[in-house]
**Student:** 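Below you'll find the structure I mean.
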Amino acid sequence: SQELEQSPQSLIVQEGKNLTINCTSSKTLYGLYWYKQKYGEGLIFLMMLQKGGEEKSHEKITAKLDEKKQQSSLHITASQPSHAGIYLCGADNASNTGKLIFGQGTTLQVKP
Amino acid sequence: EAGVAQSPRYKIIEKRQSVAFWCNPISGHATLYWYQQILGQGPKLLIQFQNNGVVDDSQLPKDRFSAERLKGVDSTLKIQPAKLEDSAVYLCASSLDSPLYEQYFGPGTRLTVT
């Protein structure tokens with residue numbers, strides 16, 4: 001079965017610094033989703049990537065899917081305390097079924 | 001537009017007791033999902049509904065878990081009897097008809113089994 005591995009598991013950065021979170025799949029990704037979760041709350045949708053080489057940006061967050069569609073990265077530029085939380089990558093475990101499997105999450109702390 | 005609603009937000013029960021969670025998806029969303037998220041892990045899909053039919057329940061422990069989505073709108077997830085390892089956050093999500101659309105999540109129900 002497909003597995004998603006996120007790295008690092010946790011990250012502490014100084015406000016204003018850039019950071020990258022990686023998500024690696026054991027199989028080809030048919031759809032890759034990035035979500036953010038604050039403790040005790042539900043998941044907030046950030047971005048969805050489907051095509052090899054695709055890149056999307058929203059405000060200071062950029063997500064990329066590699067050409068082979070087995071790895072994605074999430075990059076935050078000039079981090080702010082509001083970026084703190086748990087970042088989760090999720091992937092369709094078959095061809096566009098909507099059945100998502102998730103990585104274990106990356107916990108981000110941003111120090112003011 | 002109202003988001004996915006879930007209740008209760010918190011529940012504490014003793015093992016072997018029963019519990020039920022309720023979810024109201026975003027209006028017009030045909031697909032509804034229930035996930036279990038154990039502390040420190042990513043969510044795990046339990047069951048997927050398309051309207052009022054089950055699409056996938058392969059990871060639902062059917063000896064103790066049950067779910068229904070009558071009339072293709074609201075859904076309930078029940079655990080009977082609960083075990084200590086069922087302590088987790090139960091998340092409900094919904095999406096438009098096509099699986100290509102993103103899933104919107106509710107705030108979750110935090111269950112503690114003592």
Side-chain angles (χ1 to χ4, degrees), chain A residues 1-10 21-26 29-51 54 56 58 63 65 72 74 85-108, chain B residues 1-10 21 23-26 29-51 54-60 88-112:
Chain A
S1 61
Q2 186 173 26
E3 291 184 355
L4 294 180
E5 186 73 29
Q6 286 186 235
S7 63
Q9 288 193 355
S10 63
I21 298 168
N22 294 302
C23 176
T24 302
S25 171
S26 56
L29 294 163
Y30 289 97
L32 190 287
Y33 301 75
W34 282 101
Y35 285 87
K36 179 185 175 185
Q37 184 177 34
K38 295 219 166 187
Y39 181 77
E41 299 179 14
L43 281 63
I44 299 168
F45 172 76
L46 296 175
M47 275 170 277
M48 177 178 75
L49 304 165
Q50 285 195 293
K51 300 176 184 176
E54 188 174 9
K56 288 186 178 179
H58 177 66
L65 182 61
S72 177
L74 186 82
I86 301 170
Y87 289 82
L88 291 151
C89 64
D92 215 311
N93 73 347
S95 179
N96 298 326
T97 62
K99 291 162 54 178
L100 297 186
I101 60 166
F102 284 88
Q104 79 277 25
T106 295
T107 301
L108 170 65
Chain B
E1 180 181 85
V4 177
Q6 289 188 248
S7 68
R9 290 293 313 275
Y10 306 92
F21 313 127
C23 173
N24 181 236
I26 292 173
H29 281 196
T31 311
L32 186 146
Y33 310 82
W34 281 102
Y35 290 85
Q36 180 193 57
Q37 186 177 24
I38 293 172
L39 188 64
Q41 299 181 17
K44 183 183 87 172
L45 179 68
L46 293 176
I47 188 167
Q48 177 185 0
F49 290 96
Q50 182 76 11
N51 296 307
V54 176
V55 175
D56 187 287
D57 62 357
S58 57
Q59 297 199 89
L60 188 73
V89 176
Y90 290 85
L91 295 162
C92 178
S94 70
S95 68
L96 286 169
D97 198 19
S98 167
L100 292 177
Y101 288 93
E102 60 269 25
Q103 297 178 25
Y104 292 88
F105 284 77
T109 297
R110 182 175 298 277
L111 173 68
T112 302

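Labels below follow one simple rule: chain letters A, B, ... track the order of the sequence lines, proteins then strands, and each chain is numbered from 1. Keep in mind the model is a prediction, meaning the values are calculated, not measured.
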**Student:** Quick one: what part of A/Gln6 sits under 4.5 Å from any heavy atom of chain B, side chain, backbone, both or neither?
**Tutor:**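 Neither; nothing under 4.5 Å.
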**Student:** I'd like to know if the side chain of B/Arg9 and the backbone of B/Gly108 have a donor-acceptor N/O pair within less than 3.5 Å.
**Tutor:** yes
**Student:** Which atoms of A/Leu43 are under 4.5 Å from chain B, going by heavy atoms: the side chain, the backbone, both sets, or neither?
**Tutor:**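 Backbone plus side chain of A/Leu43, per the 4.5 Å heavy-atom cut-off to chain B.
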**Student:** Would you mind checking which part of A/Tyr87 comes under 4.5 Å of any heavy atom in chain B, side chain (CB onward), backbone (N, CA, C, O), both or neither?
**Tutor:**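 Neither part.
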**Student:** Can you confirm whether A/Asn22 sits close enough to A/Ser72 that some side-chain heavy atom of one is under 4.5 Å from a side-chain heavy atom of the other?
**Tutor:**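 No, their side chains stay 4.5 Å or more apart.
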**Student:** Taking the side chain as every heavy atom from C-beta outward, state whether B/Tyr35 and B/Cys92 have any pair of such atoms under 4.5 Å apart.
**Tutor:**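 In short, these two side chains do not touch, never coming nearer than 4.5 Å.
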**Student:** Under 4.5 Å from any heavy atom of chain A, what part of B/Gln103 do you find: side chain, backbone, both or neither?
**Tutor:** both
**Student:** Are any of the side-chain heavy atoms of A/Tyr35 and B/Phe105 separated by less than 4.5 Å?
**Tutor:**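 The answer is yes; the side chains approach within 4.5 Å.
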